[in-house]
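Inspection log for the structure reproduced underneath, given as structure tokens.
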Amino acid sequence: MNFQELLKAKTCDCGKTHRCSVKSVLIGEGVLEKLPAVLGGYKSILLVADKNTYAVCGNTVAELLDSRIQRRLIYQDDGVLIPNEAAIARLKDALSPKTDLILGVGAGVIQDLCKYVSFAKGLPYAIVATAPSMDGYASVGAAMIIGNMKVTYSAHVPEVILGDVNVLKNAPIELIQSGYGDILGKYSCLNDWKLSALVNDEYFCEAVYDMTYDMLCKVKDLGPQLLNRDPQAVRLLMEALVGVGIAMAYVGNSRPASGSEHHFAHFFEVVGILNNEPYFPHGIDVACSAVLVQKLRDQILALEHLPESWNWNRDDWMGKIHGIYGAAADGVIALQDKLGWYEKDWLEIYRAKWPKIKAVLAEAPSAAELTGYLESVNLDIRSFEKQYGGEKLQNAVSYAKDLKDRYTVLWLYYTLFLCN
């Protein structure tokens, strides 16, 4: 993939000039040796990792940079490191007045923590990837858990993204599955983007849509090779993940890469953290959620008549939100009150555009086709459904949409099936 070309500013027919400020992307076998050169003149670097990612290649990074590493922060947390207020405070405390670069060694959570804190402190950051597990490497968004809510903050992109295939191919298989699943979820989110542009007048860019879809097409059939840790397949997956991140940077938010399937995944993560319940790695949740969301689209497409009205009871809704989200409920309610979408006459819009709505929904692949892709990389939708159970899955269908300020098919399904 020609990242040098992708990183150039482009004036687009959509009316925007698309930019991504990443200075260098290096993905390939043995590229870790190039790290000292691509980090240029930075000489007071804070290296950030967790105990697992540091064991993977943190020592190698430290040896390569030698005296340029001023300090190290290695999170020693057992279990899952959560990008919350406590983790943020520890990173801020590790900075010194001399720090000129934050260098993350890791993947999703390490990346988000470095991105968030570096932006808050006005510092550049770079990332040495240890797993092809998610698509946020080149995006401006930092996905954090703040006030027990999943919040994506607009931040900035890294100066350098380095992914050595010799490191990436040896990541835990569930993280490779997760990266594949995150890409597979683009079938769902891209369909949601078109739907929202149609019914909610949201900005839409055909070029960015096509770019993201192209990344998906390059990866969707790689399941067996990824299971075998084939270097070429791992490289293509990592390139697609970074490429999708660049697409997000182009539009300034996560819309090209995140829709209803991500709302489900965020729901399972937030509720899991609140209730100390297990949840799958992000991309696995995304991929399995994409199958469930597709079943909702199929139900909508089979609908013969639109309902005459939809009836929403605020008191009942607030009771459910408090019961599901607990300490995070007030934030969820405040977000939806700000949007005002529960007061909107969605049915009038749907009636006026129903044939076009159905045409958009029909573009997404079937749930059976998506399940086949999951099975190609040894992901079992039945394990997903068993872990979360009927009630939690139904709550996700009804209330995952309330975590975000983004229109998706979940709003369409809610007004047509769950509120009349």
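All values reported here derive from a predicted model rather than from experimental measurement.
- Closest heavy-atom contact between A328 and L274: CB-CD1, 4.3 Å.
- Residue K23 qualifies as open at atom NZ: its count of foreign heavy atoms under 6.0 Å is 12 or below.
- Between the side chains of K115 and S139, at least one donor N or O sits under 3.5 Å from an acceptor N or O.
- Proximity of the aromatic rings of F268 and Y388 is defined here by a centroid distance below 6.0 angstrom, and this criterion is met.
- Listed here is the closest heavy atom pair of A400 and Y325: CA-OH, 3.8 Å.
- Of the possible polar contacts, one joining the S366 side chain to the E369 backbone as a donor-acceptor pair under 3.5 Å is found.
- Considering all non-hydrogen atoms of both residues, A247 and M211 come closest at N-CE, 3.9 Å.
- Here the straight-line distance linking atom CG of L379 with atom OG of S178 works out to 9.0 Å at 0.5 Å rounding.
- The residues E239 and K218 are annotated as not salt-bridged, no charged nitrogen and carboxylate oxygen being separated by less than 4.0 angstrom.
- Rounded to the nearest 0.5 angstrom, M215 CE and L236 CG are separated by 11.0 Å.
- No donor-acceptor pair closer than 3.5 Å links the side chain of N275 to the backbone N or O of E277.
- Here K186 pairs with D135 in a salt bridge; the nearest charged N to carboxylate O distance falls below 4.0 Å.
- For Y342 and W411, the distance between ring centers is under 6.0 angstrom.
- Around atom NZ of K98, no more than 12 heavy atoms belonging to other residues, nucleotides or ligands sit under 6.0 Å away.
- Side-chain contact between I45 and T99 is absent, with no heavy atoms from C-beta onward closer than 4.5 Å.
- Nearest heavy atoms, C189 versus A257: SG-C, 3.4 Å.
- At least one donor-acceptor pair closer than 3.5 Å links the side chain of K10 to the backbone N or O of L6.
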For this session: Tell me, with the steps shown, if L81 and L113 meet side-chain contact (heavy atoms from CB on, under 4.5 Å).
Result: CA-CA 10 Å; L81 174 62; L113 283 166; 4.0 Å; yes

For this session: Walk me through it: do R235 and D230 pass the test salt bridge (Lys or Arg N to Asp or Glu O under 4.0 Å)?
Result: CA-CA 9 Å; R235 181 182 66 79; D230 175 74; over 6 Å; no

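- Open room surrounds CD on E391; 12 or fewer heavy atoms of other groups in view lie less than 6.0 Å from it.
- Taking the centre of each ring, F264 and F384 stay at or above the 6.0 Å mark.
- Counted within 6.0 Å of NZ on K43, heavy atoms from surrounding residues, nucleotides or ligands total 12 or fewer; the atom is thus considered open.
- Rounded to the nearest 0.5 Å, atoms CG (L374) and CG (D380) are 9.0 Å apart.
- Using a distance-only test at 3.5 Å, with no hydrogens or angles considered, a donor-acceptor pair links the side chain of R71 to the main chain of L95.
- Ring pair Y153/Y116: centre-to-centre distance below 6.0 Å.
- Side-chain contact of N59 with E63: a donor-acceptor pair under 3.5 Å is absent, judged by distance alone.
- Side chain of S118 to backbone of C114: a donor-acceptor contact under 3.5 angstrom is found.
- H263 is listed as a side-chain neighbour of T408, based on a closest heavy-atom distance under 4.5 Å.
- Salt-bridge check for E202 with R255: passed, with a basic side-chain N closer than 4.0 Å to an acidic carboxylate O.
- Side chains of N200 and K344: a donor on one and an acceptor on the other come within 3.5 Å.
- In the model, Y279 has no side-chain atom that pairs as donor or acceptor with a side-chain atom of Q387 under 3.5 Å.
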For this session: Under the side-chain hydrogen bond (donor to acceptor under 3.5 Å, both in side chains) rule, what do R297 and N191 come out as? Steps first, then yes or no, please.
Result: CA-CA 10 Å; R297 290 192 185 93; N191 192 265; 3.2 Å; yes

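- For the residue pair N253 and Y203, no side-chain donor N or O sits within less than 3.5 Å of a side-chain acceptor on the partner.
- When all heavy atoms are compared, the tightest approach of A131 to A171 is CB-CB, 3.7 Å.
- Ring geometry, Y187 versus Y373: the interplanar angle falls under 30°, so the pair is classed parallel (tilted spans 30 to 60°).
- Atoms CE and CD1, from M238 and I176 in turn, are 11.5 Å apart once rounded to the nearest 0.5 Å.
- A donor-acceptor pair under 3.5 Å is formed between the side chain of N84 and the backbone N or O of A87.
- A donor-acceptor pair under 3.5 Å links the side-chain atoms of W346 to the main chain of W341, judged by distance alone.
- Taking each heavy atom of V22 and A138 in turn, the nearest pair found is CG2-CB, 4.4 Å.
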Exercise. Between C12 and T17, is a side-chain contact (heavy atoms from CB on, under 4.5 Å) present by the stated rule, with each step listed?
Worked result: CA-CA 6 Å; C12 184; T17 298; over 6 Å; no

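- Salt bridge annotation for K320-D402: absent, with no cationic side-chain nitrogen under 4.0 angstrom from a carboxylate oxygen.
- Contact of the M144 side chain with the I88 side chain is registered, since non-hydrogen atoms from C-beta on lie closer than 4.5 Å.
- Using a 4.0 Å cut-off between charged side-chain N and carboxylate O, R382 and E385 make no salt bridge.
- Other residues, nucleotides and ligands place more than 12 heavy atoms under 6.0 Å from the CG atom of N2.
- Remark: L162 CG to I27 CD1 distance equals 8.5 Å, nearest 0.5 Å.
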Problem set entry | Test log, rule side-chain contact (heavy atoms from CB on, under 4.5 Å), inputs L103 and V48 | CA-CA 6 Å; L103 175 61; V48 181; over 6 Å; no

For this session: Could you please spell out the steps behind the side-chain hydrogen bond (donor to acceptor under 3.5 Å, both in side chains) verdict for W193 and Y209?
Result: CA-CA 9 Å; W193 195 11; Y209 176 99; over 6 Å; no

For this session: Test Y413 against K401 for side-chain hydrogen bond (donor to acceptor under 3.5 Å, both in side chains), laying out the working first.
Result: CA-CA 11 Å; Y413 187 86; K401 69 185 190 314; over 6 Å; no

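- T53 places a side-chain N or O within 3.5 Å of a backbone atom of V105 that can act as its donor or acceptor partner.
- Using a 4.5 Å heavy-atom threshold, the side chains of I161 and F3 count as separate.
- Annotation: K34, atom NZ; neighbour count of heavy atoms from other residues, nucleotides and ligands within 6.0 Å does not exceed 12.
- Between the side chains of S260 and D192, at least one donor-acceptor pair of N or O atoms lies under 3.5 Å.
- For Q111 (side chain) and Y137 (main-chain N/O), a donor-acceptor pair under 3.5 Å exists by modelled atom type.
- H282 and H262 share a side-chain donor-acceptor pair at under 3.5 Å.
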For this session: Output, in order, the C-alpha distance, side-chain angles, deciding distance and verdict of side-chain hydrogen bond (donor to acceptor under 3.5 Å, both in side chains) for S188 and E261.
Result: CA-CA 7 Å; S188 175; E261 74 300 325; 2.8 Å; yes

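- Going from atom CG of L198 over to atom CZ of F204 covers 10.5 Å, rounded to the nearest 0.5 Å.
- A side-chain donor-acceptor contact under 3.5 Å links R406 to the backbone of S258.
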